[in-house]
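All residue numbers refer to positions in the sequence shown, counting from 1.
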Amino acid sequence: MGIVVIGSLNMDMVVRTVRAPEAGETLFGQGFALSPGGKGANQAVAAARLGAELTMVGRVGKDTFGGELLEIMRQEGIHIEHISVSDNLVTGVASIVLEENGENRIIVVPGANIELNVGDIQKLTSVISSAEFIMMQLEMDLAMSECAIPLHIVTVSRLF
């Protein structure tokens, strides 16, 4: 079945600036961009672009960012049928201040990502166990990751 990525999907809001502001200070920035992100989504896109068959497991909100992330994943050729949509929380976002010297400061609001749980993973036993590989970033609930690992025990004979 290829690779299953279990992970986060976020919309990154990147502000470019000469330097980050001090507490209470306001500065003008040099640029702004919205960029799809989340460690899980980034891994999925990278692997898909390298030619892997990819299935993403995650959760987004029922909002503009969630719809946009789903469409981007679809355009990248990633199977998205296991990305669920939250009725309760918005899509995860990351606010990134990027200084011209390359330093950054990031605040992540996980949003719908935190709703993905052990029960969701248990419902995907056949999907996870039939994958050649699973990828997780430990950015989400550790119990969820611990639940997924035994569902996908890789033996030497499966690798060769």
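In this structure a side-chain-to-backbone donor-acceptor pair under 3.5 Å is present from E99 to A20. Checked by atom type and distance alone, the side chain of N101 pairs as donor or acceptor with a backbone atom of E103 at under 3.5 Å. Not a single donor-acceptor pair under 3.5 Å links the side chain of E68 to the backbone N or O of F65. Side-chain atoms of T55 do not come within 3.5 Å of backbone N or O of V4 as any donor-acceptor pair. Between the E76 side chain and the R49 main chain, no donor and acceptor come within less than 3.5 Å of each other.
A donor atom on one side chain and an acceptor atom on the other are not found under 3.5 Å apart for N117 and D141. Inspection of the S84 and R59 side chains reveals an N or O donor paired with an N or O acceptor under 3.5 Å.
Note that OG of S8 is 10.0 Å distant from CG of L116, once rounded to the nearest 0.5 Å. Between atom CD of residue E115 and atom CG of residue D87 there is a gap of 8.5 Å, rounded to the nearest 0.5 Å. To the nearest 0.5 Å, atoms CG (L89) and NZ (K62) are separated by 12.0 Å. Distance check: S145 OG to M136 CE gives 4.5 Å after rounding to the nearest 0.5 Å. The CD1 atom of I128 lies 6.5 Å from the CD1 atom of I134; values are rounded to the nearest 0.5 Å.
Placement of L34 and I72 in two distinct hydrophobic clusters is found when ILVMFWY residues are connected by side-chain heavy-atom separations under 4.5 Å, directly or transitively. Connection of I114 to I6 is not established within any shared hydrophobic cluster, with ILVMFWY side chains joined at heavy-atom distances below 4.5 Å, either directly or through further cluster members. By the rule that hydrophobic residues join a cluster once side-chain heavy atoms approach within less than 4.5 Å of another member, M56 and F133 end up as members of one cluster. Hydrophobic clustering (side-chain heavy atoms under 4.5 Å, transitive across Ile, Leu, Val, Met, Phe, Trp, Tyr) groups M11 together with F32. The hydrophobic clustering, which links ILVMFWY residues whose side-chain heavy atoms are closer than 4.5 Å, places V90 and V85 apart.
Annotation for N104 and L98: closest pair CB-CD1, 4.1 Å, computed over non-hydrogen atoms. Heavy-atom minimum distance, I121 versus C147: CG2-SG, 3.9 Å. Contact between A47 and L54 at its shortest, heavy atoms only, is CB-CD2, 3.4 Å. The heavy-atom pair separating V45 from M73 by the smallest distance is CG2-SD, 4.0 Å. The shortest non-hydrogen separation linking P36 to L69 is CB-CD2, 3.6 Å. Of all non-hydrogen atoms in V127 and S130, the two that sit nearest each other are O-OG, 3.2 Å.
Residues V93 and N10 form no side-chain contact, since every pair of their non-hydrogen atoms from C-beta on lies 4.5 Å or further apart. Taking the side chain as every heavy atom from C-beta outward, L27 and R19 approach each other to under 4.5 Å. Counting heavy atoms from C-beta outward, L9 and T91 have side chains that stay 4.5 Å or more apart. By the 4.5 Å heavy-atom criterion applied to side chains, T17 and E100 are not counted as neighbours. Looking at V57 and I83, their side chains never come closer than 4.5 Å, going by heavy atoms from C-beta outward. With a 4.5 Å cut-off on side-chain heavy atoms, Q43 and Q137 count as touching. Side chains of E53 and H79 form a contact here, defined as non-hydrogen atoms less than 4.5 Å apart.
At most 12 non-hydrogen atoms from other residues, nucleotides or ligands lie less than 6.0 angstrom from CD1 of I107. A 6.0 Å sphere centred on CZ of R16 holds no more than 12 heavy atoms belonging to other residues, nucleotides or ligands.
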_Could you go through Q30 and V18, starting from their C-alpha distance and side-chain angles, then the distance that decides it, and tell me whether this counts as side chain to side chain contact (heavy atoms under 4.5 Å, CB included)?_
CA-CA 8 Å; Q30 281 66 53; V18 173; 3.6 Å; yes
*Could you go step by step and tell me if E81 and R74 meet the salt bridge (Lys or Arg N to Asp or Glu O under 4.0 Å) rule?*
CA-CA 10 Å; E81 61 271 15; R74 193 177 358 265; over 6 Å; no
*Test side chain to side chain contact (heavy atoms under 4.5 Å, CB included) on R105 and I96 and set out the steps.*
CA-CA 6 Å; R105 289 170 175 77; I96 303 168; over 6 Å; no
